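First comes the structure, then the notes that go with it.
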Amino acid sequence: MSVYLTTPIYYVNAEPHLGHAYTTVVADALARFHRLLGVQTRFQTGTDEHGEKVLEAAAAAGLPVKDFVDRVSALFRQTWDEMDISYDHFIRTTQPEHVQVVQEVLARVHAAGDIYFGEYGGLYCYGCEAFYLERDLVHGLCPDHRVKPTFIKEENYFFRMSKYQGWLLDYINDYPDWIRPERYRNEVLAFLKEPLEDLCISRPRSRIEWGIPLPFDERYVTYVWFDALLNYLSGLDYPEGEAYKNFWPAQHLIAKDILKPHAIYWPTMLASMGVEPFRHLNVHGYWQVAEGKMSKSLGNVVEPRWLTARYGLDQVRYFFLREMVFGLDAHFSEAALIARINADLANDLGNLFARSLGMAFKYRQGVVPPPGGPAEPDKEVTAAARDAAADFLRHFPALEFSRALAGLWEFIGTLNRYIVTSAPWELAKAPDAAGRLDTVLYHLLESLRWIAALLRPVMPGSALKMSEQLGLGLSLWDHTLPQTLTWGRLLPGGALKKGPALFPRIEVEEKEK
Ligand SMILES: [Zn+2]
C-alpha cells in the first residue's frame, strides 16, 4: 500500500499566492498524515514553465525566458522550504528528464494513431492559450479573461480525445468518488453531455518558440497542458522507474479552475497511453479575499511567506484546514485568521495545555502521576478521546479536514469542562483525595498526548512542542498513529518539561501599529 500525492505544478507567470499555499499545505498535511499511518508516501510539487504566458511575463520582467523561469521556480521552492513543506520531489517541466518523457509519450501516442494532423479554425484566447467553442464563451468573451477571443486558423496536431468520451463517462459512473467532492464530478458529467472535441496539442513555432518540440514535426512545440500534465508521471521516472511502479496511481490535488484539463484531458491521455487512471482527483474551491481588507497594499494578492511570518506557520496551516470546507469557497481575512488563532488555539487548546501542565507542576512536581481506578467522569474522557480519534482518522484522509478538526476541538471542550467539574485545586486541598487528583491529572495529560499525536500533520511544530513538554519529544510518533492512540501509553513517573505558551494571543491593537 502506498500513496502518491501531487499538487499542480504551478505556472511560473506569477509568484506564489494564497491559493498555491493552500493546495500545497493540504497536500503536505495529507502526506504527513499517511507517513504517520506507516504508509509509503510520495509527495510531489513543482513548476510549469512553458507556454505563451511565461514568455509574456519574462518579457514584462525584462529577462531572458530561461533566467525568468529559473528565478520564479526558485521562488516557489524557497517559499515551500520556508513553510517546511515536506515534498519528496520538486519537478520542473524544463528539466531534460521531463522533456524526454513528454517526447516519448507523444511519439508513442502518434504512432498508435491517436494524434493526427489537421486544420482547425477557432476562437483562441491568448490568455488561456486555448481554443474556445462559441457555447463556452460568456457574452462572446473568454470566461476567465473577459476578452474577446481571436479567430485563428492554422494547421496543427490533434489528440483523439473524442475517442475516449464513452470510456471516461463509464469510468466516472463506475467510480463515484474518483472525482471528489461530488459537485465537481457532477460538473464534469454535465460537460460530457456534449460531444467531446479532439484536443489541439501543438502550437506552431512561427507563433511560439518556448515549448517542447514535437518529436515527429520540428515545426511545432507541444501545447502546454499536454506537456504539464505528464509531470505526474515523469516525476516518477515513468515508464521504467521504481518510483512509477511503487507509487502510481496518484491522488491529485487541484483548485477548481483547472478541473477540465485534469478531469478530461488527463484521463483520456492516460487511457490512450495504456496507463491506469489516477486514484482520485481532489478539487478545492477558492479563497475569496475581500479587496482592501488586507494590510498589504497589493490588492487581493496575499503572499504566503508574509502571512506565515506575521501570524506563524502552524497558525496559518490550522486556519487553512479548519476554515475552508474542502471543495467549497471560503472567505479569507486577517480578522478571521486572528479570531481562529485567539479562540481555537490560544484559548481552547493553549489554555487547556498550559493549565494541565501547570497543575502537574504545582501539585506533582512535574511528574506524570499514576492513575487510580477511573470514576465515571474519567471514563467519559477516555470514551471521548476514542471517539474523537476515530472520527479524526476517518475524516482526515477523506479530505474532511474541517470536520476532523471540529471534532477534535469538541474533545478539547470536553477536557476544559472536565477540569472545571473535577476541580483539581479542591482535590489538592484534601489529603484523602490525593489518588483522585492523580487520576484526574493523568487523564488530562494522556488526553493531551493524544491531541498532540493527531495534530502532528496539521501543526507539526506545535505538536512537537506539546510532545516535548509532555516529556516525549519525537518518540511520541515512533509507532503508527493507531498504535500511538492506545490509552495508557503515557508512563507514570515520566518527567514533564516547562515550555513557553504554545499560541500567544494576538492583540488587535498591536497588529494595527
Ligand atoms: Zn482566456
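A quick note: this is a predicted structure, and the numbers were derived from the prediction, not measured. Read the numbers this way: they start at 1 and go in the same order the structure lists the ligands and their atoms.
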query = Would you call the rings of Phe216 and Tyr157 parallel, tilted or perpendicular if under 30° counts as parallel and over 60° as perpendicular?
reply = perpendicular
task = Mind listing the protein N/O/S atoms less than 2.8 Å away from the Zn ion (ligand 1)? Waters don't count.
result = Cys125 SG, Cys128 SG, Cys142 SG, His145 ND1
Using the side-chain hydrogen bond (donor to acceptor under 3.5 Å, both in side chains) criterion, which residues pair with [X]? Sequence neighbours excluded.
X      : result
Tyr220 : none
Glu400 : His395
Tyr238 : Arg108

message = For Lys260, is there an ion pair with Glu187 - N to carboxylate O distance below 4.0 angstrom?
response = no
inquiry  = Less than 6.0 angstrom from the centroid, inside 45 degrees of the normal: does Arg456 satisfy that with respect to the ring of Trp477?
reply    = yes
